[in-house]
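Keep in mind it's a predicted model, so treat the numbers as computed, not measured. Nothing fancy with the numbering, it's 1 onward along the sequence. Reckoned from all heavy atoms, side chains included, excluding hydrogens, waters and symmetry mates.
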Amino acid sequence: MRMLLPGHAASRGSALGRARIRLPHALDVVERRIGVGEVAGERERLRQAIAATREEMHRMRERLHGALAREVGEFLDLHALLLDDPELLKGLDELIHAGRYSADYALRLQRDRLAAVFEGMDDPYLKSRMDDLDHVIGRIHAHLHKRAIETQGVAGEILVGDNIAPSELAQLQADGVVAVVTAAGSPLSHSAILARSLHLPLVVGIAKAWQRINDGDVLIVDGGSGEVIVNPEAADLRRYRQRLKDAAREQRELGRLRSKPTRTRDGVDVALYANAESREDVARAHALGAAGLGLYRTEFLFLQHNALPSEDEQFQIYRDAVLGMSGRPVTIRTLDLGADKADRIGLSVRGEDNPALGLRGIRLSLARRDVFDTQLRAIARASAYGPIRILVPMVSAREEIVTVRRRLGTIVRQLRAQGHEVAETIALGAMIEVPAAALALAGFIGDVDFLSLGTNDLVQYLLAADRNNDALGDLYSPLHPGVLQLMRQVIALGERHGVPVAVCGEIAGDARMAPLLLALGLTEFSLHPATLLEVRKAIRDSDLSRLRERAKKLLQARDRAGIERWLKAASPVGAT
Ligand code: PEP
Ligand code: MG
């Protein structure tokens, strides 16, 4: 029977395929005790299964290249480390040896023991490690049975499960999975960001998805609306085919915009900068005609290593980004570690009660002056190769910007004295993502050269709504009158003081939001290259003077519904 399951859209694209159910923690193992004579055999079976898992991860790691090697590799490394975890291995051995349990049951018991420990923790980072552990244990279990790993032989299928680890996504796509549907997860999770990079449709938040969908059911997944249709009827299939045709046409049309200017219908140029985290992003940004890089997130450089990247390593990466953009400005954001971006080097503080309100971004940099100085030196040296701007994350007070500017001045002087070439000027900007910084901006706007609205965090801190908590549903949304009013306030102050204001949160990459951002007065966006052409199209379809006339109405909206009505009325015909 046809059934429509509404979830949350996490990665766009449509797919039609049969469901492949993956039960959560599929360790449905019955208790089995073994005799003394079986102990050695069971230990050996387990040893081989662990070795096979290690080998399999190694193979997966080798197959990755480009941006995936960096993003996914990080998770594979973490999983490989878990395989060597003495706590896990010792516990398993004891269960087989002293407890006389079969290898399978020992695995299940050890998993449950560790799950109980993890469940008692409040720290979301540590909690998320349980997902990693489950993933690793699931793989060992599959090898114990010499069973093909669940993700093989799934070409053309849609994976339906509890959750999905970022490290699995690339493999799933390589195996031919056409979409993923999960019960847990959030559109802002690392998995969702990666699925979008891979163009793999992903719908999250379908409660108990694996119970409501049967193995082999035919599904239509719409990663754009977040809907999943189980056992579609003729009309659904017709609509699906039409959607595919529309998407192909759109892609063709968008392709033509590569070399076109980002100019509104009434002739105003809008600067579309790119957000980048890797060499590949830089190359794409350049190819799509981005005005420059508006946000180069440097924390990924630190996340992928087990040791701090040296000044020279950093210098080369920043210099290559500058060279890669051939003269267009490159905005390097200083380290924004902490909160959900905990590292393995041990820079970010573990066990903070409220990591999102803790030692992250510039706070961490100022607490670790050695690390910060190294980064500033590397950026300043790269400025010899083209225009570089420095963007400071999580600014909450004037003092932070003043301290950074002073430090930068000292470092530039030292570098010159040491014979290094440094650009005459390096612009310094602040991310506006902490509400207090937005409210106190008049007091330090004279201390910055530019500003960038980080709406991902601004929304989270302004609405007291965790950006990673899917349970909050629509509560976490930029479509709140308080958010728009504060954004407008920042933009107006920038206009009065001649300080450029850009927006670099995910909202900038959502073409549907372009009329709203233009109405608020923004003409600089920084967004992931994947959506640059769509946003360019939305801007080219917009009439800026008409939108500005309507801005007052937008700011008078009293609730989300009012803002949505405004957006609907303001959207160019055909856009939704
Ligand atoms: C933001 O907060 O909007 C932002 C761009 O930074 P990040 O998503 O890296 O926290
Ligand atoms: Mg942020």
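- Residues Ala184 and Asn163 come closest through the heavy atom pair CB-ND2, 3.9 Å.
- Using a cut-off of 4.0 Å between Lys/Arg side-chain N and Asp/Glu carboxylate O, Asp336 and Arg297 are scored as not salt-bridged.
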Do Arg405 and Asp449 pass the side chain to side chain contact (heavy atoms under 4.5 Å, CB included) test, and can you show the C-alpha distance, the side-chain angles, and the key distance before you say yes or no? CA-CA 11 Å; Arg405 192 177 283 285; Asp449 302 309; 3.2 Å; yes
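- Gln460 places a side-chain N or O within 3.5 Å of a backbone atom of Arg467 that can act as its donor or acceptor partner.
- In this structure, the side chain of Thr331 engages the main chain of Leu293 through a donor-acceptor pair within 3.5 Å.
- Counting all heavy atoms, side chain and backbone alike, Val422 lies closest to Val412 at CG1-CG1, 3.9 Å.
- Classification of Arg381 and Asp312 as a salt-bridged pair holds, one side-chain N sitting under 4.0 Å from a carboxylate O.
- With values rounded to the nearest 0.5 angstrom, Leu169 atom CG is found 6.0 Å from Leu200 atom CG.
- Taking CG from Asp466 and CG from Leu472, the interatomic distance works out to 6.5 Å, rounded to the nearest 0.5 Å.
- Here the shortest heavy-atom pairing between Leu295 and Ser526 reads N-OG, 3.5 Å.
- No option in Arg333, Glu277, Gln375 other than Gln375 meets the side chain to side chain donor-acceptor pair (under 3.5 Å) test with Thr298.
- In this structure, Glu506 CD and Thr531 OG1 are separated by 8.0 Å, a value rounded to the nearest 0.5 Å.
- Two residues are said to be in side-chain contact when any heavy atoms from C-beta on lie closer than 4.5 Å; Val136 and Asp85 fail this criterion.
- Considering every non-hydrogen atom in both Ala438 and Val490, the closest pair reads CB-CG2, 3.7 Å.
- A 4.5 Å side-chain heavy-atom check between Thr334 and Ile379 finds at least one atom pair inside the cut-off.
- Not one N or O on the side chain of Asp175 forms a donor-acceptor pair closer than 3.5 Å with the backbone of Val177.
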Salt bridge (Lys or Arg N to Asp or Glu O under 4.0 Å) between Arg512 and Glu534: does it pass, once the steps are laid out? CA-CA 9 Å; Arg512 290 166 306 179; Glu534 287 162 36; over 6 Å; no
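- A side-chain donor-acceptor contact under 3.5 Å links Tyr476 to the backbone of Asn456.
- Counting all heavy atoms, side chain and backbone alike, Val501 lies closest to Glu524 at O-CB, 4.0 Å.
- Between Ile390 and Leu376, the closest side-chain pair of non-hydrogen atoms falls below 4.5 Å.
- Within a 6.0 Å radius of CZ in Arg12, no more than 12 heavy atoms belonging to other residues, nucleotides or ligands are found.
- Here the shortest heavy-atom pairing between Ala291 and Arg328 reads O-CB, 3.4 Å.
- A side-chain donor-acceptor contact under 3.5 Å links Glu313 to the backbone of Ser310.
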Let's go through Met394 and Tyr461 carefully: what are the C-alpha distance in whole Å and the side-chain angles of both, what is the deciding distance for side chain to side chain contact (heavy atoms under 4.5 Å, CB included) to 0.1 Å, and is it a yes or a no? CA-CA 11 Å; Met394 281 296 287; Tyr461 295 129; 3.7 Å; yes
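- With hydrogens and angles disregarded, no donor-acceptor distance shorter than 3.5 Å links the side chain of Ser542 to the backbone of Thr264.
- Once rounded to the nearest 0.5 Å, the distance linking CD of Glu400 with CG of Asp447 reads 12.5 Å.
- At least one donor-acceptor pair under 3.5 Å links the side chain of Asn275 to the backbone N or O of Cys504.
- A heavy-atom distance below 4.5 Å is found between the side chains of Leu451 and Ile445.
- At least one side-chain heavy atom of Phe525 sits less than 4.5 Å from a side-chain heavy atom of Ile539.
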For a side chain to side chain contact (heavy atoms under 4.5 Å, CB included) check, start with the C-alpha distance between Leu257 and Leu254, then their side-chain angles and the critical distance, and finish with the verdict. CA-CA 5 Å; Leu257 292 180; Leu254 283 177; 4.0 Å; yes
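- Between Asp373 and Thr410, every side-chain heavy-atom pair lies at or beyond the 4.5 Å cut-off.
- Looking only at distances, no side-chain donor or acceptor of Arg196 sits under 3.5 Å from a matching main-chain atom of Ser11.
- In this structure, CG in Leu522 is found 6.5 Å from CG in Leu453, a value given to the nearest 0.5 Å.
- Using a 4.5 Å cut-off on side-chain heavy atoms (C-beta onward), Leu441 and Gln489 make no contact.
- Leu301 contributes atom CG, which lies 6.0 Å from atom OH of Tyr296 (distance to the nearest 0.5 angstrom).
- No donor-acceptor distance shorter than 3.5 angstrom exists from the side chain of Ser383 to the backbone of Ile388, with no hydrogens or angles considered.
- Between Leu288 and Arg258, some side-chain heavy-atom pair lies under the 4.5 Å cut-off.
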Report the C-alpha distance between Leu516 and Leu479 in whole Å, list the side-chain angles of each, state the deciding distance to 0.1 Å, and finish with yes or no for side chain to side chain contact (heavy atoms under 4.5 Å, CB included). CA-CA 10 Å; Leu516 180 146; Leu479 303 186; 3.9 Å; yes
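- The closest donor-acceptor contact from the side chain of Gln314 to the backbone of Pro309 lies under 3.5 Å.
- Phe450 carries Arg389 over the face of its six-membered ring, with the cationic atom under 6.0 Å from the centre and within 45° of the normal.
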